[in-house]
Amino acid sequence: MSLRAWENPWRLMLAVNVAVVIGVFLHKIALPPYVPYVHLLVDYHFGFIKRALIGAAVSLFAARIPVWLVFAIAGAVWLTTLGLFVQLFRRTFGFEEKHLPLFVFMAGSPFFLKNFMHTLGHFDIYGCLLAICLLLVPARSIWYVLLATLFSIVLILIHHIHLLMYVPTIAVIVVLRHYLIHGVNRLNLGVGIAAALGVGVLFVAAQFLGSIPVPEAEFVQYLHGRMADPSRTKLLSFSYIWYQSLAKEIHDTWARMPSNLLGIPVFALLIWLHTPLWKYFAELIRSLREDWHRRVVIAALAAVSLGYFVLFLIVFDYSRWISSWAVCMFLILHAVKTLPASREVRLPRSDDRKTEILGWIVTLIPRVGIIRPF
């Protein structure tokens, strides 16, 4: 078995990726720089507020929330995302030897599962999980559009920032898998427009009407009462974010901008390390049979990227935004693969020396981070 692995370095890379993920998990458990525990405590006790859906769901089953529940829930979501992505890749490409480089550059990317392990407890992964679900279910009927709308609503109730993070990617998946393949008619067009307007209204309500209507001291006292271990008051230090205005978030982001911009060359290098994957994606788009399909895909990629550019201007968690942007590109690639093509696209060569070196570098990078690179 060991000899076979050395004869096929891509299999060995997968084994190393598993070891790296375990290492990231152990580091997260042993030295958590920040446990997003407070998000499980916030519910709809004070009325409709933003970022409260997960906490409200948890409150249905537990009156007092232990810290370990953060890792239990986040770990279950991570494992589900891993399993569904494996199923998605198997359905889109298969697991023949020639497809292993693609799988390594996606599943083994420091942008993807490894970074989701590092950010265990944050809500970014929910957008990825629901987008993968949409890529797996049939897209033939109007129910597909309604399901995507439901997913978008859930994501915004989890965290309204998903409007720029994963909701655009969900919209792109719907356009590519439903509208381009099955056509546009009055019904699905009307439902699509109504869904977009409804999601937009919900975002505005969450952003501008979802503030806590009581003083912060009363809010913190309520959260303290929901803690299983009330002595760990430091975990409530991030409760202020429910009182932070959009203007304050933008101000803080621009105050940090000069130092955070220093990380852009690192992000650019990390993106460049995925060159074989990007080349395949570009060739996949060029191979589409219909010219207007190509134009729609390019416009969709630009729209998703624009959403992340706006995020860069508003919130300073740059490593998370870059990582989720790359994940969105991976998922859209799977949707593009379902469109009619005029020719077969050559996969990244497993025996190419440069591709192999880049694969090893991508494999050995454990994660990207939350704010600054690494």
Side-chain angles (χ1 to χ4, degrees), residues 53-54 76-93 102-103 106-107 111-113 116 123-185 187-200 202-203 281 284-285 288 293 296-297 299-301 303-305 307-308 323-340:
L53 183 63
I54 297 296
V77 172
W78 189 93
L79 289 171
T80 303
T81 303
L82 167 64
L84 291 180
F85 181 75
V86 170
Q87 177 62 23
L88 174 64
F89 192 91
R90 177 183 287 112
R91 198 178 72 176
T92 305
F93 296 102
L102 270 184
F103 188 70
M106 288 188 200
F111 291 130
F112 191 15
L113 294 166
F116 281 146
F123 293 155
D124 313 9
I125 193 170
Y126 287 93
C128 173
L129 174 61
L130 294 182
I132 292 174
C133 289
L134 276 179
L135 286 166
L136 286 170
V137 301
R140 291 184 292 271
S141 72
I142 193 64
W143 291 105
Y144 187 73
V145 182
L146 294 174
L147 179 63
T149 305
L150 176 62
F151 284 177
S152 299
I153 290 171
V154 168
L155 288 176
I156 288 176
L157 292 176
I158 289 174
H159 198 311
H160 53 288
I161 207 168
H162 274 296
L163 183 81
L164 296 174
M165 287 184 67
Y166 281 97
V167 170
T169 296
I170 284 176
V172 169
I173 291 170
V174 171
V175 168
L176 300 187
R177 295 195 67 222
H178 179 74
Y179 288 102
L180 291 193
I181 298 296
H182 302 288
V184 179
N185 55 52
L187 178 60
N188 64 17
L189 180 60
V191 170
I193 293 173
L197 291 174
V199 169
L202 178 61
F203 166 77
F281 196 5
L284 189 66
I285 296 171
L288 294 178
H293 283 188
V296 169
V297 170
L301 295 176
V304 170
S305 300
Y308 278 97
S323 298
S324 285
W325 171 84
V327 172
C328 288
M329 297 298 108
F330 299 166
L331 300 181
I332 293 173
L333 185 154
H334 283 267
V336 172
K337 188 70 170 64
T338 65
L339 296 174

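A quick note: this is a predicted structure, and the numbers were derived from the prediction, not measured.
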Rounded distance (nearest 0.5 Å) linking atom CG of Leu147 with atom CD1 of Ile142
11.5 Å
Looking only at heavy atoms, what is the nearest atom pair of Val327 and Cys128, with distance?
CG1-SG, 3.8 Å
Scanning both residues in full, the closest heavy-atom pair of Tyr166 with Leu155 reads CB-CD1, 4.3 Å
Drop me the distance from Leu284's CG to Ile332's CD1, to the nearest 0.5 angstrom.
12.5 Å
Donor-acceptor check, side chain of Arg91 to backbone of Leu136, threshold 3.5 angstrom: yes or no?
yes
Apply side chain to side chain contact (heavy atoms under 4.5 Å, CB included) to residues Tyr308 and Leu164 and explain how you reach the verdict.
CA-CA 6 Å; Tyr308 278 97; Leu164 296 174; over 6 Å; no
Within the side chain of Thr338, is there an N or O that forms a donor-acceptor pair under 3.5 Å with the backbone of Ala335?
yes
What verdict does the side chain to side chain contact (heavy atoms under 4.5 Å, CB included) test give for Leu301 and Ile285, after you've listed the backbone C-alpha separation in whole Å, the side-chain angles of each residue and the deciding distance to 0.1 Å?
CA-CA 11 Å; Leu301 295 176; Ile285 296 171; 3.8 Å; yes
So which atom in Thr169 and which in Cys328 form the shortest heavy-atom distance, rounded to 0.1 Å?
OG1-SG, 3.0 Å
Going through the distances and angles, do Leu333 and Thr92 end up as a side chain to side chain contact (heavy atoms under 4.5 Å, CB included)?
CA-CA 10 Å; Leu333 185 154; Thr92 305; 5.9 Å; no
Calculate, to the nearest 0.5 Å, the distance between atoms CD1 and CD1 belonging to Ile158 and Ile54 respectively.
4.0 Å
Do you know which two heavy atoms are closest between Ala131 and Ile173, and how far apart they sit?
O-CD1, 3.8 Å
With side chains defined as the heavy atoms from C-beta onward, is the minimum distance between Asn188 and Ser141 less than 4.5 Å?
no
Would you say the side chain of Tyr179 lies within less than 4.5 Å of the side chain of Val296, judging by non-hydrogen atoms?
no
Could you state the interatomic distance from CZ (Phe116) to OG1 (Thr81), rounded to the nearest 0.5 Å?
7.0 Å
Are Leu146 and Trp143 close enough that some pair of their side-chain heavy atoms sits under 4.5 Å apart?
yes
Is the closest side-chain heavy-atom distance between Leu129 and Ile132 below 4.5 Å?
no
If the test is side chain to side chain donor-acceptor pair (under 3.5 Å), which one of His178, His182, Arg177 qualifies with Tyr144?
Arg177
If we ignore hydrogens and angles and just use 3.5 Å, is the side chain of His162 paired with the main-chain N or O of Val167 as donor and acceptor?
no
Using 0.5 Å steps for rounding, measure from the CG atom of Leu288 to the NZ atom of Lys337.
10.5 Å
Quick one, Ile161 and Asp124 - any side-chain contact, counting heavy atoms below 4.5 Å?
no
Atom of Met106, atom of Phe330 and distance for their closest heavy-atom approach
O-CE1, 3.9 Å
Go through it in stages, so that I can follow the logic: the residues are Phe112 and Phe85, the test is ring pair (Phe, Tyr, Trp, His ring centres under 6.0 Å), and I'd like the CA-CA distance, side-chain angles, deciding distance and then a yes or no.
CA-CA 11 Å; Phe112 191 15; Phe85 181 75; 4.9 Å; yes
Please name the pair of heavy atoms, one in His334 and one in Leu135, separated by the smallest distance, quoted to 0.1 Å.
CB-CD1, 4.3 Å
